[in-house]
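Just below is one structure, and these are the notes that go with it.
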There are 2 protein chains.
Amino acid sequence: MRMTARPQNVHQARLLRLLRDEGPRSRAELGEVVRLSRSKLAVELDRLVELGLVEGAGLAASRGGRRSGIVRLSPRLRFVAFDIGATSIDVAVTDGALEVLGHVSEPCDVRQGATVVLDRALDLLGKLRDEGLIPQVHGTGIGVPGPVSFRDGMPVVPPIMPGWDRFPVRDAIGQELGCPVLVDNDVNLMALGELHAGLARSVDDFLLVKIGTGIGCGIVVDGAIYRGVSGSAGDIGHIRVDDDGPMCACGNAGCLEAFFGGAALARDAEAAARSGASPQLAQLLEAHGRLSGEHVATAAAAGDPAAVQIIREGGRHVGQVLAGLVSFFNPGLVIIAGGVAGLGHTLLAEIRSVVYRRSAPLATGNLPIVLSELAGAAGVVGGARLISDHVFSYS
Amino acid sequence: MRMTARPQNVHQARLLRLLRDEGPRSRAELGEVVRLSRSKLAVELDRLVELGLVEGAGLAASRGGRRSGIVRLSPRLRFVAFDIGATSIDVAVTDGALEVLGHVSEPCDVRQGATVVLDRALDLLGKLRDEGLIPQVHGTGIGVPGPVSFRDGMPVVPPIMPGWDRFPVRDAIGQELGCPVLVDNDVNLMALGELHAGLARSVDDFLLVKIGTGIGCGIVVDGAIYRGVSGSAGDIGHIRVDDDGPMCACGNAGCLEAFFGGAALARDAEAAARSGASPQLAQLLEAHGRLSGEHVATAAAAGDPAAVQIIREGGRHVGQVLAGLVSFFNPGLVIIAGGVAGLGHTLLAEIRSVVYRRSAPLATGNLPIVLSELAGAAGVVGGARLISDHVFSYS
DNA sequence: GGGTCTTTGTCCTGTGAGTGGCGAAAGTTT
DNA sequence: AAACTTTCGCCACTCACAGGACAAAGACCC
């Protein structure tokens, strides 16, 4: 099998990223954007066509003279993204511009171990392949719900992924699919997704806070993921909120997650149901046997005061931590994502209120705090972006 | 007057930074480090000699054949650094390798306003000039104790610098000295100083926490200062520690600075003196009229339990904030600096204890937390480094 | 419909930067 | 003193790139 094509120099890489992010362009327009002579541009484009990465696509409208030829990424380019969550697998296939062509998802407990879960993910990919969506895979991005050694392409001592520690995910999937593979933390991928297709498109430095089973933060510095020296940057779930807070699974008291992680939310909701503070939640508890964030969202949307109160308090705690991080990091945007983003504007309003009150004024002067609009797609788009940045690069 | 020389391409810039950081090198050794053919290396070095930035310096020891010619930065290169503190001015002159050749310091209240303070700084520079230390100034780095718009080269709404808001420091000094000038926050410059000459030389991502009149943090990402979108990154003095804490000048309660800034330390020390809890501090208070961090350090060194207790509690609060930042940022090193670094190992031990206990294990796995060893020089070395990075670059 | 102007794409040649070989110079080792 | 090693200047050869000339394609004017 032929190795998938890669750009041969920085100019080709630049052109590929341009076509990916800005869409098809006429040769004339490309000439104005990149700083290359007409001859060299033509040569590089010809080479990209030869590599099968780029192709002509008709003629552009005239700008007063001869019509210029439009150039686009080959429609046969395919990136694959696996978004392994704590309780779900998402698999998607995108074209070269990272538009999602197919997306399947199924519940899956990550605690079943690396082999089982990855096999399941490959099965799902097979479904998409059967639909004829995938002539060839040019790269695969994988997100996992825990800390990752990006260099090694494997999880390292992940707290909620037994059986995954130092499992060579990148190399195993690379072997299987015969394409470049990169592995990263799932929150980082969501941040990349927002950078590519979401509200962060024009922002260089921002934070994405994901509140779900756990609470994590993707950090983007200068348009790239910041991972820290051991790949655990953004691990904000166990930042201390209050010494007198509830005990956390990590052994300390008063962690953010102990206040507002998935388990904490269920705990508080069930307490409100049992104490009689919330008839709505009591009803939902009886119907489902247990409660989760979604039930709280439902109850709050129906006007249940206890549910609203739970969300408010959670938002306040998230806001307290976030206020400190905003003062420290001075981001240009903060995005709130994860299952809990369904809690909507009650949550957002509370977070905003705390952050705007407690962060340094210069840092909040022009700081939007918004809910993610990508829903489930952020992770897989981010995975595609991760590997596409790699494939569309030249070192 | 001729414009000071600058490198003409990236190779020359690389060579200059190499000679600055690694010291004089033989042409043969340089050839092994940079990826250039012998001929091109010779050409670029010749041009640098022509520009007056580099010169030959005899022959290296033989490595088994003909001896290679040693090359070094011109000994006539000079960088100037102004470190404007809240209550002091430091002015230093360095050679091309950022070795401090002359350093003068005097007390000066920054609240006298930009014109007065900068004139004073220029006077001090005049002293050094009179000593014949400065044939020509190739660049000047300036640190000020407040937020800076790096792009504009001026302070922006600095809380403790009345009369400095949007004063064009960079352009004014550039006009005066006729050389490139950059202005940055003083904490950022200390971080750069540590990066160049301190304990962070081999670390790409680290934090420098300065505890003095205020509390701030320099953030280094990938070997460069991270400033955030509005230049206020690292402003950690008003991160919330405890809702029930003392009121802060900023209007909120329980800020880190309200627990352990310069004013808070004096307040607690004087309270301990007056309450009779500390005879040592009472004595010092009587002798000096008021107390500061240094007095607490003196008393603690002499074994005064109340002073030690003050330091311990301060360290705990700093540690609580820092633990969160470490989890978030996952640095490779944390340096504690500022006047309070004189509090020494009592402080350090307490900070370490809290951070190692409360941060994510992966982030603290191999995280040194150390006291700065550069004392007063960090700021000026950082200033020289800032402008030298700029002058020794080619865009 | 024809002529003129504008824009785009291709071809081609001149230029200039950079590579690498060769040999002299300068040391070391035997 | 001879043989080997390393360094460095010189030089010719290569190759990539810029930019002009020209052809193709279309707009606009009369």
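Every chain is numbered from 1, with letters handed out A, B, ... down the list of sequences. Computed from a predicted structure; not experimentally measured.
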Without hydrogens or angle criteria, can the side chains of A:E194 and A:S372 be said to hold a donor-acceptor pair below 3.5 Å?
yes
I need the minimum non-hydrogen distance between [X] and [Y], along with the two atoms involved.
{"X": "B:A200", "Y": "B:I335", "result": "CB-CD1, 4.2 Å"}
{"X": "B:L98", "Y": "B:S388", "result": "CD2-CB, 3.8 Å"}
{"X": "B:R170", "Y": "B:F150", "result": "NH1-O, 4.0 Å"}
{"X": "B:G218", "Y": "B:A191", "result": "CA-CB, 4.2 Å"}
{"X": "A:L59", "Y": "A:G69", "result": "CD2-CA, 3.8 Å"}
{"X": "A:L133", "Y": "A:L101", "result": "CD1-O, 4.0 Å"}

At a cut-off of 3.5 Å, list every protein nitrogen or oxygen paired with a nitrogen or oxygen from nucleotides 11-17 of chain C, distance to 0.1 Å.
none

Which part of the nucleic acid, if any, lies within reach of A:S68 when heavy atoms closer than 4.0 Å are counted: base, sugar-phosphate only, or nothing?
sugar-phosphate
Quick check for you: among D:dG9, D:dA18, C:dG9, whose closest atom lies nearest to any side-chain atom of B:A42?
D:dG9
So that I can tick it off, tell me whether A:E50 and A:R47 are bridged by a salt bridge, with the cut-off set at under 4.0 angstrom between side-chain N and carboxylate O.
no
Salt bridge flag under 4.0 Å for residues B:D184 and B:R227
yes
Tell me, which of residues 23-36 of chain B have any heavy atom that sits under 4.0 Å from an atom in DNA chain D?
B:R27, B:A28
Return a single string for nucleotides 22-30 of chain D, one symbol per nucleotide in 5' to 3' order, where B is base contact, S is sugar-phosphate-only contact and - is none, cutoff 4.0 angstrom on heavy atoms.
-BBBBS---
State whether the number of non-hydrogen atoms from other residues, nucleotides or ligands found under 6.0 Å of A:E32 atom CD is greater than 12.
yes
Between C:dG18 atom P and B:L41 atom CG, what is the distance in whole Å?
12 Å
